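Only one structure is covered here, and it is reproduced in the block below.
In each ligand, atom 1 is the first atom listed, and ligand 1 is the first ligand listed. Since we're looking at a predicted model, the values are computed, not measured.
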Amino acid sequence: MSVLLPRRGAVLALTVMITSLVLGTAAQQPPEASIALTVDASRPGAKIDRNLFGQFAEHLGKGIYEGVWVGPDSPIPNTRGIRNDVVAALKALKVPNVRWPGGCFADEYHWRKGIGPPASRPATLNPDWGGVIEPNTFGTHEFMDFVDQIGSEAYLSVNVGSGTPQEAAEWLEYLTSAKPTALAKERAANGRAEPYRIAYLGLGNENWDCGGNMSAEHYLQQMKTFSRYSRNFNPAQQKEGAQMLKIAVGPGGDGPRWTHWTETIMRAWKTRTWSWDMHGLSLHNYTVVRFPASYKSVGFDEADYALLLSETLKMDGLIRHHGAIMDAYDPQKRVALVVDEWGAWYAPLPGSTPGFLAQQNSIRDGLIAALNINIFARHAERVRMANIAQMINVLQAMILTDGAKMILTPTYHVFRMYVPFQDATFVPVTYDAGRYTHGAITLPRVDAIAAKDASGTVWLSLTNLDPTRPAQIATSLVGVSASSASGETLTAPAIDSVNTFEAPATVAPRPVSAQVQGGRLTLTLAPKSVTVLSLRP
Ligand code: AHR
């Protein structure tokens with residue numbers, strides 16, 4: 001893969017001028033030296049897998065109940081119990097896959113409690129997340145309906161921590177068998193005659209912690225057994241390229257413990273036999289600084305702004321560290337590194353139930369989203385799937401709801417602006433990133449990626465981390481001719497600006513466009529902004 005780091009002194013090879021754009025408060029700021037950027041479309045890299053834009057929806061707080069499920073009798077407009085406003089918003093994101101039912105919840109979930117007539121499903125507990133009652137009204141069929149309504153794929157996590165290989169095997173048979181077994185007939189009696197398609201299967205979740213406190217060696221043995229017996233029987237998924245992909249639990253950091261974990265699993269994969277396999281290794285990494293999460297999601301100062309951005313950039317080092325271990329056992333990169341939990345984790349909102357992990361979502365979160373996606377894209381040969389935590393009302397969410405009301409977060413807007421990057425081809429960008437310094441923290445001032453989509457259009461994403469200074473960008477294009485650029489930019493009045501139910505569009509994208517003039521493309525990025533442009537001939 002072409003991993004290009006920002007470099008100093010990039011030379012302009014071809015100059016294309018776009019009229020200078022001054023966005024937001026940029027006009028009031030002092031002029032700055034421009035940042036030279038070269039986009040080289042003549043050297044295409046790896047595919048930026050659409051699965052990098054995956055989501056995670058756990059039975060946690062208001063993530064499922066209220067966020068997705070309101071029930072068929074709710075006054076909130078819904079289709080078979082799933083709220084219509086949320087479905088419409090998610091469809092615009094082209095969500096490639098949804099990881100469910102957890103998280104820690106997955107290793108305590110017993111699927112049989114979530115099928116059959118809703119009135120006869122048992123009430124159970126959700127001990128990890130607030131100790132609330134889990135009504136099991138949102139179960140297997142409801143999840144598959146949700147995934148279908150938003151046009152996505154299912155990424156199921158089976159219960160390795162407190163379940164059995166038999167329970168997982170039977171869930172898969174129930175879901176996927178086309179033959180009239182007792183389980184397939186039960187599925188049909190519950191309303192679904194056709195087998196479901198299960199694209200991805202998680203073999204446990206954080207089994208080094210909430211998933212059973214296992215050693216790497218113990219988990220490895222469990223994982224191999226679950227991999228052996230969790231079969232997908234859907235005839236349409238027996239064909240080459242259509243098979244269900246299995247994802248093993250991977251590391252949760254980069255110290256010696258995690259090095260050992262990755263080594264243990266990858267060494268075993270290298271010498272696997274015909275009877276088990278894994279296609280991905282997960283990595284979990286939150287932007288949290290330390291647990292318990294204590295940084296505020298709104299009402300923070302510049303010191304916390306800079307700290308959390310610097311924390312999020314550690315994702316790159318983690319991927320490099322574990323990617324290098326994987327390379328030693330899998331130089332052809334057949335096993336994907338799957339970052340299936342990432343995002344900012346802040347202190348619970350005052351007045352909320354602590355176990356519900358409710359937090360606000362500011363323009364800083366929009367930047368955090370862009371910076372992580374950019375990191376994944378630069379490692380696209382190895383990182384082929386990622387799932388932000390979490391989809392609705394939990395942690396770094398796309399959507400917040402309050403009863404019938406719904407708002408879109410800055411993170412949502414970034415995911416929507418990045419849709420053209422799904423399955424596009426990575427295009428190298430070289431640049432002098434400049435610096436943004438606050439106190440002891442120095443960060444790159446600008447972050448950028450580019451990609452070419454299937455139609456040949458080149459897309460450029462530019463993030464200005466500096467919260468007060470605009471960034472002048474001068475872009476040189478190689479291998480692409482452009483006469484104009486247009487797209488959207490996301491910025492906000494303050495570093496902690498958020499959308500609320502009273503003011504839902506404080507942080508919302510605005511269109512930007514420019515003409516090419518004199519063969520040179522220049523652009524001014526607003527402070528604390530994310531801009532996505534397409535280059536048009
Ligand atoms: O996303 C919240 C929790 O964080 C998940 O349940 C768990 O896997 C992780 O520790």
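The closest protein non-hydrogen atom to atom 3 (C) of ligand 1 is W129 CZ2, 3.6 Å. Considering only non-hydrogen protein atoms, atom 7 (C) of ligand 1 sits nearest to E341 OE1, 3.3 Å. Ranking protein heavy atoms by distance to atom 1 (O) of ligand 1, first place goes to Y286 OH, 2.7 Å.
Counting atoms of ligand 1 from 1 in the listed order, those under 4.0 Å from a heavy atom of F56 are 1 (O). Each of the following atoms of ligand 1 lies closer than 4.0 Å to a heavy atom of L395: 1 (O), 2 (C). If you number the atoms of ligand 1 from 1 as listed, the ones under 4.0 Å from a heavy atom of E206 come out as 7 (C), 8 (O), 9 (C), 10 (O). Atoms of ligand 1 lying under 4.0 Å from at least one heavy atom of C104, given by number and element, are 5 (C), 6 (O), 7 (C), 8 (O).
For the pair V335/Y329, no side-chain contact is recorded, criterion being any heavy-atom separation below 4.5 Å from C-beta on. The side-chain heavy atoms of S157 and R99, taken from C-beta on, include a pair separated by under 4.5 Å.
The only member of Q237, Q243, K246 that meets side chain to side chain donor-acceptor pair (under 3.5 Å) when paired with N232 is Q237. Residue N372 forms a side chain to side chain donor-acceptor pair (under 3.5 Å) with just one option from T287, D316, T312, and that option is T312.
Nearest to atom 2 (C) of ligand 1 by heavy atom, out of Q396, R99, H284, Q390, is Q390.
For ligand 1, the polar-atom distance check against E58 finds a nitrogen or oxygen pair separated by under 3.5 Å. Ligand 1 has no N or O atom lying under 3.5 Å from any N or O atom of F105, backbone or side chain.
Under 4.0 Å from ligand 1, not a single heavy atom of V394 appears. Of the heavy atoms in F291, none comes closer than 4.0 Å to ligand 1.
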